[in-house]
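Just so you know, these numbers use all the heavy atoms, side chains as well, and skip hydrogens, waters and symmetry mates.
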Amino acid sequence: MYKWAICQGEVLPITEICGDGKDNNCDGKTDEGCCNITTSVSPTDVWPQKAGSDKTTSTIMVSLNKPAPPEGCNVKLTIEPIEQSGGHSHAGSRPKGTITPAALTLPGGIMSAQNATYKSSEVSGEEKIIANVNGEKKAEAKVTVKVPDLHQLSGGALRLTGNERPGPGDRHPANHYGTYSTVVNAGSMAADFYDKFNATLGINDMSLPGGGLFDISGAWVPPHSSHRKGTSVDIDRNAQAQNGGVGVDRNSIDKICKKYGGHLVRESTIHCEFPQ
Amino acid sequence: MRQKRLSFIFLIGIILLASSSFAQIPSPLKDIRVTGTVTLDNTTGLYTYSYSIFNPPANDGKVFIFEIDIVKPLNSQELSSNGLVIQSGMNIQGKILIRSFEEEVARIKKILQKPVIPVGARPPLGYPFPGWDVGIAVMGTVMWGGSEQSLVLPNQTLGGFVLTSFGLPGIREAKLQPDLNVDTLPDEYYENVELTKQLGDSLIYRTKTIGPIAPPADFKPVDLLNYIIDLKHQSFSLGWIDNAGVENSLDAKLDNAKKKIEEGNITAAKNILDAFLNEVESQNKKHLTSEAYALMKYNVQYLLEQLSK
């Protein structure tokens, strides 16, 4: 003679949970009615705006892993900048890129994919592209905004200056990046100056590690309208000799700057601009 | 009333004076005369090229940079750099800075845009520190640069720009730039890289002068003679030969020498070239400038040496 015992470990039908691969509502299908999407960007690296290249856009591809539910999938794309990236160690309302169109509809019942275009802002750094469906984050991809192949200036007969500005925090701790030729040129320029004046040039602002807007005030706006692509070198108007500071005259730097293929540009320091 | 008007005029004058002393954009340099002379040390085979610059009174810019192209021609001979030194200028202790050509090139090797022929160089001396400097620039030129107290003012001539090389005299491009004080440019130039570059480029004066060239690696007498004929034509176009009769006479001799070489009659060709050299000597400083004289003399001498081998 049998009798019913107490049911243990009972699983009742519930609302389908997307993406867990189970038939939660016991209708014989798994993950039905869900928008299973992935997102990718190509290329993953783009240039910032106003840095001398038109390679500032990337294609965002949103694709379904499974057929969309009958009502389709409405995908909203947003951008989330990654703080502290691109050499900016300061907060505030950091500019970010744009996405066109920012909303995509993947038709119901079929597997499909759609594209949108990402366009960078003037600021270098990393940004997350987030794909939301019904307010829920479903997928993300990362795009890096930078001027490629910038190198850090170091060593030689020079001092690195300009990264100790007064203000909260260290806004741009690495401000001496340049293209390979700019870094070599700046070092050679300092060596020539040392030979002539027996004093060490102070190399002030160059570019940030990823180039782009160099907002020395930390407010995401100029005054620096150049210094974006790794070809600008600011030189302090005082050099350091053994027995104290010596004035650096524009004329002497102009000569050396020209010798290395550059030209001076009006700025508060002495700005030598080298070719790309 | 009259006093008020005078005050007003005075005020306007002060404003104009202040604005003109701040925003100073020199006019483009024009008609700079670069004179080049060449001497040859017959024992070493080293040529010395000496230049002077005349800045005409009509210019308002001071000559600040003087450059001569020294790019190595394709398929040209590897010239010796033996003994070639760059006296780059005076340092703050008053000592002349000296580097060998090899040392100078090693400093810029990674960024040198084009191969150059070996040269020595020195700047005009005798100016107070910092004075004139010279070095090999990354674009493949020898570049002299002045300082505030030593620039070539309008209506001034400055000599003492010297190059040494084992390269034969050829026609080279020279570039002269005025001193452009970017600190005094109007506000639209502030951190404006492109606008400043355009302005700087618009002020440059380009001309031709004499300078060292490496001969072709593969020597053929007729090719060299054709090259000399071309040099002579260019010299006439540049005004370095100022008399058509003299040009025609030189032309005839070179054409005859060419015919004799083509016929294989080297002795006859050499005799004609000797006569050519005599005419070049006799026309020196008459209808041939120092540039035309050096081009004709040293290239034909080189041809004669090669024909005698």
- Message: Is it true that, when you exclude B:E188 itself, more than 12 heavy atoms of the residues, nucleotides or ligands shown sit nearer than 6.0 Å to its CD?
- Response: yes
- A:S226 versus chain B, the contacting section by heavy-atom distance below 4.5 Å: both
- Item | Enclosure of A:R159 CZ (heavy-atom neighbours >12, cutoff 6.0 Å) | yes
- Item | Under 4.5 Å from a heavy atom of chain B, the part of A:E267 involved | both
- Taking the side chain as every heavy atom from C-beta outward, state whether A:H263 and B:V193 have any pair of such atoms under 4.5 Å apart. yes
- Part of residues 80-109 of chain B lying next to chain A, heavy-atom separation under 4.5 Å: B:G89, B:M90, B:N91, B:I92, B:Q93, B:L97, B:R99, B:E104, B:R107, B:I108
- Message: Walk me through whether B:E148 and A:D249 qualify under side-chain contact (heavy atoms from CB on, under 4.5 Å).
- Response: CA-CA 9 Å; B:E148 199 64 51; A:D249 75 298; 5.8 Å; no
- Query: Which heavy-atom pair separates A:G261 from B:V138 by the least distance, and what is that distance?
  - Reply: N-CG2, 3.7 Å
- Interface moiety of A:S268 toward chain B, non-hydrogen atoms closer than 4.5 Å: both
- Item | Heavy-atom pairs under 4.5 Å with chain A, option from B:F129, B:F64, B:W144 with the top count | B:F64
- When you look at CZ of B:R122, are more than 12 heavy atoms from neighbouring residues, nucleotides or ligands closer to it than 6.0 Å? no
- When rounded to the nearest 0.5 angstrom, what is the spacing between CG in B:N181 and CG in A:D254? 8.5 Å
- Hey, what do you get for NZ (A:K196) to CG (B:D133), rounding to the nearest 0.5 Å? 3.5 Å
- Item | Heavy-atom contact with chain B under 4.5 Å, split by part of A:A199 | neither
- In terms of heavy-atom contacts, does NZ of B:K62 have more than 12 from other residues, nucleotides or ligands at under 6.0 Å? no
- Neighbour count >12 (heavy atoms, 6.0 Å) for atom NZ, A:K50: no
- Item | Heavy-atom closest contact (B:G146 atom, A:N251 atom, distance) | O-OD1, 3.0 Å
- Test log, rule side-chain contact (heavy atoms from CB on, under 4.5 Å), inputs B:T196 and A:L264: CA-CA 8 Å; B:T196 312; A:L264 295 194; over 6 Å; no
- Can you tell which part of B:E67 gets under 4.5 Å to a heavy atom of chain A, answering side chain, backbone, both or neither? neither
- Note on the structure: Looking only at heavy atoms, the pair that brings B:P130 and A:F197 closest together is CB-CZ, 4.4 Å
- Item | Donor-acceptor under 3.5 Å (A:R266 side chain, B:L185 main chain) | yes
- Item | Nearest heavy-atom neighbours spanning B:K110 and A:Y180 | CD-OH, 3.1 Å
- Looking at A:H227, A:R250, A:K258, A:H271, which one has more heavy-atom pairs under 4.5 Å with chain B than the rest? A:R250
- Item | Side chain / backbone / both / neither for B:N192 at chain A, heavy atoms under 4.5 Å | backbone
- Does CD belonging to B:Q113 count more than 12 external heavy atoms closer than 6.0 Å? yes
